[in-house]
Asks: 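Once you've had a glance at the structure underneath, I'll fire off some questions.
Sequence lines set the chain letters: A, B, ... in the order given, protein chains first and strands last, and positions in each chain run from 1. None of the values given here were measured: they were computed from a predicted structure.
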Amino acid sequence: MSRKMFNKTSKCRFCRMGVQEVDYKDTQYLPKLTTAQGKLFSRKRSGNCARHQHSVKNSIKRARFMALLPYVA
Amino acid sequence: MRMYEGLFLIDNARANMEWDNVVKEIHNILQKNGSEILKTEKWGEKKLAYKIEGHKRGTYLLIHFNTKNTAIAMIKRDFQLSDYIIRSLIVKDDKIEDLTQLATGETVVEKTAAKIPEIEDVDLLAEAVESVNIVEKA
């Protein structure tokens, strides 16, 4: 049962919302894509498609460089 | 010509004293290298996620500009040499969405934030965590 539920919700959230690219300046939303330590969620864990996971990775790394997000919390 | 977006992290000591001059100098650096400034936006003072060269707080400035791709290397070098800019990040910004945003004056942050409903995602995450836990237990 649990596996079925996981499959249902595993479609990429950004595809569902129609977001083209994830913005590195969106400091309210980006922490939700990381663990409490500030590590990136895996593709399996976040449920993102390849394109959006790539975009998330880039934007989090940019946000870290600009000290908007921590490298290690 | 191509559209770029630069985010600058500025030393608070200088930003609080003479903000207008700081903005002017940054504009000068951009214009010296043949770029055309479209929009300037102050983000205000923020706490940094980690210390940079002893700085705990800084002021952010966001600038949209048009320039030739050959000028970017020189612009980056000039920003690195200036002592009151702690960090700078210049990113290509070719999306048509953003051009329309400039016309309406709506900020990028607001738009993406509005697009993404927060509550739904918290639920989703919680659900995902639960299901992962269940799978792990099984």
Side-chain angles (χ1 to χ4, degrees), chain A residues 1-49 52-53 55-73, chain B residues 5-10 41 43 46-53 55-58 60-62 85-98 101 107-138:
Chain A
M1 179 215 142
S2 60
R3 198 165 277 276
K4 261 184 195 171
M5 272 179 65
F6 188 77
N7 284 342
K8 257 185 199 171
T9 56
S10 67
K11 206 181 159 196
C12 174
R13 67 178 79 183
F14 295 108
C15 290
R16 247 185 290 129
M17 289 163 205
V19 176
Q20 286 289 310
E21 297 289 327
V22 184
D23 191 357
Y24 75 95
K25 300 187 295 304
D26 197 343
T27 45
Q28 290 180 335
Y29 192 67
L30 283 179
K32 288 180 185 167
L33 300 163
T34 62
T35 64
Q37 271 193 317
K39 289 175 164 186
L40 270 160
F41 279 142
S42 65
R43 192 167 291 182
K44 186 181 170 187
R45 172 76 170 72
S46 64
N48 289 342
C49 68
H52 283 118
Q53 179 72 6
S55 172
V56 166
K57 182 193 78 179
N58 277 339
S59 51
I60 286 181
K61 286 181 177 179
R62 280 173 181 167
R64 281 178 182 163
F65 175 73
M66 290 309 289
L68 298 170
L69 288 183
Y71 282 97
V72 181
Chain B
E5 171 191 289
L7 184 63
F8 306 97
L9 178 54
I10 294 153
E41 190 189 328
W43 270 20
K46 279 192 177 186
K47 193 174 178 240
L48 305 184
Y50 51 89
K51 266 196 210 171
I52 303 176
E53 296 164 14
H55 298 285
K56 282 182 182 173
R57 302 184 74 87
Y60 287 92
L61 176 69
L62 182 69
I85 298 175
I86 307 171
R87 286 275 161 100
S88 69
L89 178 68
I90 295 174
V91 178
K92 266 186 258 173
D93 194 0
D94 289 336
K95 282 171 279 174
I96 305 158
E97 282 179 52
D98 287 357
Q101 270 173 25
T107 62
V108 181
V109 181
E110 278 169 6
K111 194 171 183 189
T112 44
K115 248 187 194 175
I116 298 164
E118 288 185 12
I119 306 155
E120 188 197 344
D121 290 296
V122 173
D123 288 348
L124 262 180
L125 268 184
E127 233 173 73
V129 171
E130 272 173 30
S131 50
V132 166
N133 286 343
I134 293 163
V135 170
E136 275 172 4
K137 271 181 199 167

Asks: Look at Val91(B), Ile86(B), Leu9(B) and state which one has the largest set of heavy-atom pairs under 4.5 Å with chain A.
Replies: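 Going by pairs under 4.5 Å, I would pick Val91(B).
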Asks: Contact between Lys25(A) and Tyr60(B) at the side-chain level, heavy atoms closer than 4.5 Å - yes or no?
Replies: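 No - every pair of side-chain heavy atoms lies 4.5 Å or more apart.
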Asks: How many angstroms lie between atom CZ of Phe65(A) and atom CD1 of Ile52(B), to the nearest 0.5 angstrom?
Replies: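 One finds 8.0 Å between CZ of Phe65(A) and CD1 of Ile52(B).
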Asks: With a 4.5 angstrom heavy-atom cut-off, is it the side chain or the backbone of Lys46(B) that approaches chain A, or both, or neither?
Replies: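 For Lys46(B), the side chain is the part near chain A, not the backbone.
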Asks: Backbone N or O of Arg64(A) within a donor-acceptor pair of the Tyr50(B) side chain at under 3.5 Å?
Replies: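 Yes; judged by distance alone, with no hydrogens or angles, the pair exists.
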Asks: Taking all non-hydrogen atoms of both residues, which atom of Pro70(A) and which atom of Ala49(B) are closest, and how far apart?
Replies: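 Reported closest heavy-atom pair: N-CB, 3.5 Å.
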Asks: Using 0.5 Å steps for rounding, measure from the CG atom of Leu89(B) to the CE atom of Met66(A).
Replies: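 Separation between the atoms: 6.0 Å.
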Asks: Under 4.5 Å from any heavy atom of chain B, what part of Leu68(A) do you find: side chain, backbone, both or neither?
Replies: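 Backbone plus side chain of Leu68(A), per the 4.5 Å heavy-atom cut-off to chain B.
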